[in-house]
There are 2 protein chains.
Amino acid sequence: MNVEQAFGTVIKKYRLELSMSQEKLAFESGLDRTYISLLERGKRRPTINTLFFISQVLGIPPHHIIIDIEKLIQKK
Amino acid sequence: MNVEQAFGTVIKKYRLELSMSQEKLAFESGLDRTYISLLERGKRRPTINTLFFISQVLGIPPHHIIIDIEKLIQKK
DNA sequence: ATGTAGACTTTGGTCGACC
DNA sequence: GGGTCGACCAAAGTCTACA
């Protein structure tokens with residue numbers, strides 16, 4: 001599993017835990033809804049700024065998301 | 001202080017601790033030397049993939065760099 | 001509420017050269 | 001060894017629309 005796929009998996013997991021829609025996550029983070037869709041499916045590589053925007057809305061510290069990514073790509 | 005400035009500050013700190021040149025960091029991480037220069041001066045926003053490449057070469061876990069960034073932008 | 005597609009703008013990232 | 005500039009190409013991110 002690569003970094004962008006892991007990122008998508010992780011933010012989707014946290015988004016669903018909050019029962020939040022892609023639409024709301026997009027709006028609150030100032031990004032486009034279709035872009036959130038692309039991110040969750042591992043089709044885009046976010047900048048670290050985008051990471052910070054999204055994690056802020058999810059209420060998760062950015063480094064926590066990175067730790068999850070590290071674990072996912074470790075597992076292959 | 002913004003995210004990209006913090007990123008530049010942090011990777012420069014770790015690079016200097018290793019007494020590594022920008023040239024070597026660039027080569028080992030598969031990036032361009034001038035781009036490392038831009039990053040350290042906060043002129044570019046790296047993707048998370050770039051974060052992983054660079055942190056690998058620096059021997060620092062990616063989330064550790066993110067923690068440092070969080071602290072720096074907190075302090076203003 | 002989400003996936004996809006196409007056209008679009010902006011910025012990440014490369015490369016050669018010079019100081 | 002590092003900053004900068006200009007030109008360039010690839011990819012981030014937007015927007016409209018339809019299923």
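Since the structure is predicted, the reported quantities are computational estimates derived from the model, not experimental observations. Lettering follows sequence order; numbering is per chain, from 1.
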*Report the distance from atom CG of B:Leu38 to atom C1' of C:dT11, rounded to the nearest whole Å.*
12 Å

_Less than 3.5 Å apart, any donor N or O on the side chain of B:Ser37 or B:Arg41 sitting next to an acceptor on the other?_
yes

*Have a look at B:Thr34 and say if it touches a base, only the backbone sugar-phosphate, or nothing, with a 4.0 Å heavy-atom cut-off.*
base

*Roughly how many Å is it from CG in B:Asp32 to P in D:dC9, rounded to a whole number?*
16 Å

*Sequence neighbours excluded, which residues qualify as side-chain contact (heavy atoms from CB on, under 4.5 Å) partners of B:Glu70?*
A:Phe52, A:Pro61, A:Pro62, A:His63, B:Ile66

_Tell me whether the side-chain N/O atoms of A:Thr47 come closer than 4.0 Å to OP1 or OP2 in D:dA12._
no

*Which of these passes side chain to side chain donor-acceptor pair (under 3.5 Å) with A:Glu40: A:Lys13, A:Gln22, A:Gln5?*
A:Gln22

_Atom-to-atom span, CD of B:Glu23 to P of C:dC15 - whole angstrom_ = 14 Å

*Choose from C:dG3, D:dG1, D:dT4 the nucleotide whose nearest atom is closest to any side-chain atom of B:Ser21.*
D:dG1

_For residues B:Ile69 and A:Ile60: do they belong to one hydrophobic cluster (side chain heavy atoms under 4.5 Å, members Ile, Leu, Val, Met, Phe, Trp, Tyr)?_
yes

_Spacing of A:Arg45 atom CZ relative to C:dT11 atom C1', expressed in whole Å_ = 15 Å

*Check step by step if side chain to side chain contact (heavy atoms under 4.5 Å, CB included) holds for A:Phe7 and A:Leu51.*
CA-CA 9 Å; A:Phe7 179 81; A:Leu51 162 67; 3.9 Å; yes

*Nucleotide of D:dT4, D:dT14, D:dG3 approaching B:Gln22 most closely (side-chain heavy atoms)*: D:dG3

*Below 4.0 angstrom from OP1 or OP2 of C:dG3, is there any side-chain N or O of A:Ser37?*
yes

*Within the structure shown, what part of the strands sits under 4.0 Å from B:Leu31 by heavy-atom distance: base, sugar-phosphate, or nothing?*
sugar-phosphate

*B:Arg33 has a side chain; which of D:dA12, C:dA17, C:dT14 sits nearest to it?*
C:dA17

*To the nearest angstrom, how far is B:Lys12 atom NZ from D:dG1 atom P?*
15 Å

_Length of the CD1-P vector between B:Ile36 and D:dG1, whole Å_ = 14 Å

*Whichever of A:Gly30 and B:Arg44 has its nearest DNA chain D nucleotide further upstream toward 5'*: B:Arg44

*Separation of atom CG in A:Leu25 from atom C1' in C:dA1, rounded to whole Å*: 13 Å

*Select from B:Asn49 and B:Lys43 the residue whose nearest nucleotide in DNA chain D is closer to the 5' end of that strand.*
B:Lys43

*Using atom CZ of B:Phe7 as one end and atom C1' of C:dG12 as the other, report the distance to the nearest whole Å.*
12 Å

